Enquirer: 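Here you go, one structure.
Everything numeric here is computed off the predicted structure, so don't read it as measured data.
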Amino acid sequence: PFFWLGEKLFAAAHIPLSVPQIYGMIRADTGHAIVALWTITWHAIVAWCFLAPIFVALVYGSLAPLLRRVWRRSAAEAGGTTQEWR
């Protein structure tokens, strides 16, 4: 998905990336294959860098309240005092 998103972000041409096609690119022209694969890779890295903070924020926002409740419940059942978890 990051290769696809990188293509969309940079309006790059689609390059098929199956293993036989990559081997074929390398056999046909190694220099061009390295440049093409590097370009595809850094486009995917940039796409990942855009999406990772959003994903982390969504996961944190959805799991933190749930984990706080579980922590408080387990501390109450154990008979301990609950301290605020931040």
Enquirer: Are Phe55 and Phe2 co-members of a hydrophobic cluster defined by side-chain heavy atoms under 4.5 Å apart?
Expert: no
Enquirer: Quick one: which residue pairs count as a side-chain hydrogen bond (donor to acceptor under 3.5 Å, both in side chains) with a foot in residues 11-23, not counting sequence neighbours?
Expert: Glu7-His14, Ser18-Gln21
Enquirer: Identify the two heavy atoms, one from Gly61 and one from Pro65, that lie closest to each other, and give their separation to 0.1 Å.
Expert: O-CD, 3.3 Å
Enquirer: More than 12 heavy atoms of other residues, nucleotides or ligands under 6.0 Å from CZ of Phe10: yes or no?
Expert: yes
Enquirer: What about Ile26 and Leu17, same hydrophobic cluster or not, with Ile/Leu/Val/Met/Phe/Trp/Tyr joined at side-chain heavy-atom distances under 4.5 Å?
Expert: yes
Enquirer: Do Ile22 and Phe3 land in one hydrophobic cluster if side-chain heavy atoms of ILVMFWY residues count as linked below 4.5 Å?
Expert: yes
Enquirer: Could you tabulate the donor-acceptor pairs under 3.5 Å formed by side-chain atoms of residues 33-48, not counting sequence neighbours?
Expert:
unit_1 : atom_1 : unit_2 : atom_2 : d
Thr39  : OG1    : Val35  : O      : 2.8
Thr41  : OG1    : Leu37  : O      : 2.7

